[in-house]
Structure formats: structure tokens, C-alpha cells
Amino acid sequence: MKFPIRKSPSPAQWLLILCILALLAPLSGFAQYQAGLEKRVTVKKLPNGLTLLICERPEAPVFSYFTIVDAGDANDPGGESGLAHMFEHLAFKGTKDIGTTDYAGEKIALDKLEDAWTAYDAEYRKRVQQDQQKLKELKAQFDAAEQAANKFVIPNEFTQIAEANGATGLNAETSLDATQYFWSMPSNRLELWAYLESDRIANPVPRQFYRERNVVQEERRMRVDSSPIGRLVEQFLAVAYIAHPYRRPGVGWESEISQVNATEAMAFHRKYYVPSNIVIAVVGDVDTTQALPVLEKYFGAIPSGPSPEPITTIEPPQTAERQVIIKDASQPLYLEGYHRPDYRDPDDAVYEAIQDIFSNGRTSRLYRSLVRDQQIAAEAEGFSGFPGEKYPGLFAFFVVPNPGHTPAEMRAALHKEINRLKTTDVTDDELAMFKTRARADILRSLGDNQGLAEELAINQLRYGDWRELFNQLKQIDAVTKEDIRRVANKTFTDTNRTWAEVDYNAPSQAEARPAAAPAGGAK
């Protein structure tokens with residue numbers, strides 16, 4: 001008779017076990033998971049200041065990485081909004097060695113292109129005595145210089161090399177707080193990845209910068225200028241904040257996007273893409289003893305630089321209610337926000353509880369009240385940490401009225417629910433469900449290599465220790481009904497409120513009338 005061989009549970013099986021434990025015993029499962037994770041995570045700060053995290057997860061022969069740069073749209077210099085976002089678009093354009101047929105020749109062509117832009121831009125910015133003929137000639141010279149530089153480009157070579165070696169999910173994201181880069185790859189390509197990623201950080205080339213700038217301008221037109229929600233959010237933030245960079249749109253102001261140049265972009269990169277401002281986490285089938293020397297070789301070679309100075313602007317306390325009313329021939333909308341502290345605040349978990357109770361699914365208060373019972377709204381939700389979390393943000397509410405109902409009705413119904421939270425304790429079930437969902441959400445985020453890499457990198461960057469991920473669980477478990485009422489009364493006050501709405505305004509006959517076709521018919 002043969003007895004079955006008993007194998008240790010795989011990481012996925014452990015995750016399932018711990019999810020069950022988390023529901024039965026709130027913190028015991030996490031303590032076991034943390035203890036196991038600590039044995040598999042290695043943190044190494046390189047001499048140049050870059051922080052590496054390696055987590056061994058040998059379940060499958062793949063790994064994922066997550067690079068986070070502590071610079072986002074909020075770090076854009078004055079008059080240069082949109083620069084941080086540009087690096088999301090330039091992320092995989094290549095380096096001095098990848099993406100070009102001849103970098104020496106390309107460098108000369110790029111310098112000429114920058115000179116051509118500088119000359120055109122100088123004439124364009126003249127407020128008096130602008131020479132239209134000269135401007136036209138300078139634009140033609142710029143276009144010719146751009147075409148000359150593009151002749152050296154090997155399109156998508158960086159991406160093709162990565163994907164030819166099994167990379168999946170290549171992507172980059174920019175928020176107001178940070179910029180992230182990530183993908184997954186077979187574990188036997190770890191050294192190739194280290195070369196590609198370190199080279200991308202150390203030796204970027206603003207290749208096709210002005211072409212990508214045009215893409216960003218189109219993105220702004222789509223996400224903001226042509227979107228009622230986009231215009232509402234942009235105007236809302238510009239009023240809710242009067243000093244802090246959170247008042248600027250992440251994609252940038254059109255007048256500034258159209259004027260930023262490659263020289264300014266590279267200055268931004270030199271300032272913020274220094275090793276001391278970067279954390280990289282690698283999770284998967286990696287042997288730390290073998291992988292660490294490889295990563296030290298490539299990432300340790302990135303030149304160090306001074307750590308960028310932090311943003312020192314502090315948003316003044318709001319002392320009066322602010323409002324924005326947009327008249328538009330579109331769906332009515334309502335947005336409301338209240339200033340709250342940043343993620344380091346002791347009450348951060350309490351704000352998460354309020355968000356969950358207001359907005360998590362069809363059992364949430366806003367859905368049941370405004371959508372299901374009163375049937376005055378198609379959508380109603382509250383969310384914390386908007387538009388960012390690194391600096392003091394907003395607890396915001398967004399409501400879409402049903403046909404025949406107005407933003408004013410949404411405001412009244414919303415305030416009724418807010419006042420209820422301020423005056424009456426949440427139920428035992430609401431509080432318990434928040435804690436259960438929060439624990440489950442954290443566990444789910446750790447369920448795959450990419451999610452774990454992201455959590456490790458973000459927590460290491462934010463707190464200086466990835467273990468803070470598990471300390472947050474203690475804060476969640478400690479939230480009480482009294483905390484929720486206290487924070488609600490402290491935050492949701494009239495003088496701390498900014499609201500914005502889109503009111504339907506029928507277009508005039510001239511606006512509604514279709515444009516006449518040109519003579520000879522449309523082409």
C-alpha cells in the first residue's frame with residue numbers, strides 16, 4: 001500500500017487558508033502570513049541610495065517587479081504641468097543603446113530639434129510684435145528637424161525585446177503622488193530585466209518627445225475638455241485647493257502641456273529619478289542569494305544624486321464653503337469634498353471605514369438610500385484620499401442624478417446621510433463587515449506576484465518599512481463606532497466643504513444646428 005506524499009501548501013493555497021483564518025480570527029492569520037513573508041523578503045539599500053526588495057515565491061517559474069518613483073504630477077514645476085506624466089509616455093521609448101540605429105547621430109539630431117523648438121517657442125511666446133511669417137518659417141524648420149531625428153528611431157524596440165523574452169503586462173502609471181512601472185517575466189530572464197530596467201532609469205532618451213506631447217494633448221482633450229466629469233473635477237479641485245499642487249490637473253493645463261520641452265523633461269528626470277527616490281520590488285521564482293548580486297551589479301551602477309527637496313506648500317485651512325456651478329448641455333452631476341489629513345494620520349483607518357460604510361456595494365448606505373430606496377440617483381459613492389494620499393487630500397462624494405432629479409436634490413439627500421453618520425452610531429454589522437472586507441482586500445492584493453510587489457514597494461516607500469502593511473490591519477481592527485462619529489463631526493463641516501455641480505443647460509439653436517457642409521460636399 002502506498003501512502004500519499006504530503007506536500008506543503010502552495011502560496012495560493014496558503015492564501016485561501018489565511019482568508020478563512022482572517023474571517024474566523026481577525027489577526028492570527030495575518031500574523032502567520034507576516035512571519036512567513038519576513039523569512040522570504042530581503043531588503044537591500046544600495047550605496048547609491050536605491051532600495052531593492054526581493055521576495056521568494058517559487059510556485060511558478062516567473063517573477064513580477066514594481067518600480068515606484070517618489071514623484072508624480074504634484075511635483076511638476078510651476079508653469080510646466082504635465083512633465084511627470086510625460087515619463088509614462090516615454091517609459092519604453094528606449095535608451096542610448098536600445099531604440100536607435102545610431103545614438104551618436106541621433107543625439108546630434110535631437111540637439112538640433114531642441115534648438116529648433118527653442119527658436120519657434122521664443123517667437124510664439126512674444127506678446128507684442130510677433131512675426132507671423134517668421135513663426136511659420138520656424139515651425140517648418142522644427143517639423144523638418146523632428147523628421148530628421150525620427151529617422152534614427154527603431155519603433156518599439158525596447159518593448160519588443162522584453163516581450164520576445166516573455167514579458168507580459170508592460171505598463172506605467174502616473175498619479176499626483178508617484179510614478180510606477182511594472183511587468184512580469186520568466187524567472188530565467190531576471191538578468192535581462194535588470195539590464196533593461198536599470199538602463200531605462202539611468203539612460204533615458206527623450207525620443208519622439210514632441211510626438212508624445214501631442215498624444216498627451218489629445219488625452220487631455222478626451223479626458224477633460226470633452227468630458228463633463230473631467231471638466232467638473234478640474235474646476236472642483238481648482239476651487240477646493242488654493243495653494244497646494246493638488247489643485248492642478250494631473251494631465252496638465254493645455255497652455256503648459258503645449259509649451260513644455262524635452263530639455264525641461266530631462267531636468268525633471270535628473271532631479272527626481274535619482275536612486276534615493278526609487279524603490280524596486282521583485283517577487284517570484286527568484287533565489288535571493290543568486291539574484292541580489294545581479295541586481296546590485298545593474299542597479300548599483302546608476303549614478304547617485306541629491307535627494308529632491310520635498311514639497312513645502314501646505315494648504316491653508318478652509319474657512320468658508322466653496323462652490324462651482326457649471327451650466328452644460330449634458331448629464332447633471334454632483335461632486336462634494338471635505339479636506340482630510342494625509343495617509344500618516346492616526347485616523348486614516350477611520351476614513352477607510354467611513355468610505356466602506358458609505359459606498360461598498362449594494363448594501364452600502366448611499367446605494368440603499370439614494371439609488372435603491374429613493375430612486376433619485378443612478379450612482380452614489382464616497383471615496384477617501386482624493387485626488388491623492390501623500391499630502392492632505394479630500395473625502396469626496398460623487399452622485400449622478402436620475403432623469404428628472406437635480407444636483408440640489410442630491411446635495412440634500414447626501415447631507416442627510418452625512419448628518420446621520422455624525423449623530424447616530426453605525427451598527428455592529430456595518431463595523432464588522434468593514435473590518436472583514438478590509439482584511440480580505442489586503443489578502444487579495446497579496447495573492448499574486450504583481451500585487452505583492454506593488455504592496456511591498458509602496459509601503460517601503462511610504463513608511464520606510466514594508467511591514468507597515470500589517471500594522472495597518474491593527475489600525476483597522478481598532479476602529480470603533482465612537483471613532484467614526486468623532487471623525488465625521490470633525491471633517492464634515494460646512495466651512496470645510498467644497499461642492500460642484502453640472503446643471504443641464506439646453507443648447508441654443510445655433511449650437512444645436514449642425515454645421516453646413518462645405519461647398520462641393522464634404523471630403
Side-chain angles (χ1 to χ4, degrees), residues 8 10-12 14-15 33-69 91-92 95 97-98 158-159 161-172 180-203 273-304 445-461 464-467 469:
S8 298
S10 69
W14 269 119
L15 186 63
Y33 187 81
Q34 180 180 354
L37 201 58
E38 286 180 341
K39 296 177 182 178
R40 293 183 279 122
V41 174
T42 298
V43 180
K44 176 71 174 182
K45 187 168 185 177
L46 304 182
N48 62 6
L50 189 144
T51 300
L52 291 170
L53 296 95
I54 302 175
C55 177
E56 298 182 0
R57 248 187 179 181
E59 183 182 21
V62 295
F63 74 91
S64 300
Y65 88 95
F66 192 87
T67 294
I68 183 166
V69 182
F92 308 123
T95 65
D97 298 319
I98 301 173
F158 188 98
T159 302
I161 292 173
E163 291 180 341
N165 286 273
T168 60
L170 280 81
N171 212 339
Q180 304 99 23
Y181 306 89
F182 46 91
W183 76 69
S184 299
M185 212 168 191
S187 53
N188 62 2
R189 293 294 187 270
L190 180 70
E191 185 167 4
L192 174 63
W193 163 77
Y195 161 68
L196 290 172
E197 182 66 358
S198 61
D199 192 35
R200 191 185 64 76
I201 294 171
N203 300 303
Y273 280 68
V274 293
S276 60
N277 213 38
I278 299 173
V279 174
I280 301 175
V282 180
V283 177
D285 185 23
V286 289
D287 184 321
T288 302
T289 58
Q290 298 178 19
L292 189 55
V294 174
L295 302 190
E296 289 178 315
K297 171 186 173 182
Y298 289 99
F299 291 103
I302 300 173
S304 61
S445 73
L446 308 179
D448 58 60
N449 291 342
Q450 191 68 72
L452 179 56
E454 180 176 350
E455 290 291 344
L456 291 175
I458 289 176
N459 281 277
Q460 186 70 32
L461 178 70
D465 187 351
W466 64 267
R467 297 172 186 83
L469 169 67

- Could you check if a side-chain atom of W183 sits within less than 4.5 angstrom of a side-chain atom of F66, using non-hydrogen atoms only? no
- Message: Within the 4.5 Å heavy-atom criterion, are V41 and I54 side-chain neighbours or not?
- Response: no
- Query: Are side-chain N/O atoms of S64 and N449 paired as donor and acceptor at under 3.5 Å?
  - Reply: no
- When rounded to the nearest 0.5 angstrom, what distance separates OG1 in T168 from CD in E163? 9.0 Å
- Go through E197 and Y181 one step at a time and tell me if the side chain to side chain contact (heavy atoms under 4.5 Å, CB included) criterion holds. CA-CA 9 Å; E197 182 66 358; Y181 306 89; 4.2 Å; yes
- Query: Is there a side-chain contact between I278 and N48, using heavy atoms and a 4.5 Å cut-off?
  - Reply: no
- Task: Check whether any side-chain heavy atom of I161 lies under 4.5 Å from a side-chain heavy atom of I98, and answer yes or no.
- Result: yes
- Residues which pass side chain to side chain contact (heavy atoms under 4.5 Å, CB included) with T42, listed by chain and number, not counting sequence neighbours: T288
- Task: Answer whether the closest heavy-atom distance between the side chains of L190 and M185 falls below 4.5 Å.
- Result: no
- Query: Say you draw a straight line from CG of L461 to CD1 of I68; how long is it, rounded to the nearest 0.5 Å?
  - Reply: 5.0 Å
- Smallest heavy-atom separation, F63 atom then V286 atom, equals CB-CG1, 4.2 Å
- Message: I'd like to know if the side chain of D97 pairs up with that of T95 as donor and acceptor (distance under 3.5 Å, no hydrogens or angles considered).
- Response: no
- Query: Is it true that K297 and E191 make a salt bridge, defined as a side-chain N closer than 4.0 Å to a carboxylate O?
  - Reply: yes
- Item | Distance (rounded to the nearest 0.5 Å) between I201 CD1 and L50 CG | 6.5 Å
- Item | For E455, side chain to side chain contact (heavy atoms under 4.5 Å, CB included) partners two or more places apart | S445, L446, N459, L469
- Listed once per pair and sorted, the ring pair (Phe, Tyr, Trp, His ring centres under 6.0 Å) pairs that draw on residues 274-304, sequence neighbours left out: W193-F299
- Message: Treating Q450 as the side-chain partner and Y65 as the backbone partner, does any N or O pair qualify as donor plus acceptor under 3.5 Å?
- Response: yes
- Item | Residue pair P303 / P275: nearest heavy atoms and the distance that separates them | O-CD, 3.2 Å
- Closest contact, heavy atoms only, A91 versus R200: O-CD, 3.0 Å
- Task: Determine whether T51 and V43 make a side-chain contact, defined as any pair of heavy atoms from C-beta on separated by less than 4.5 Å.
- Result: yes
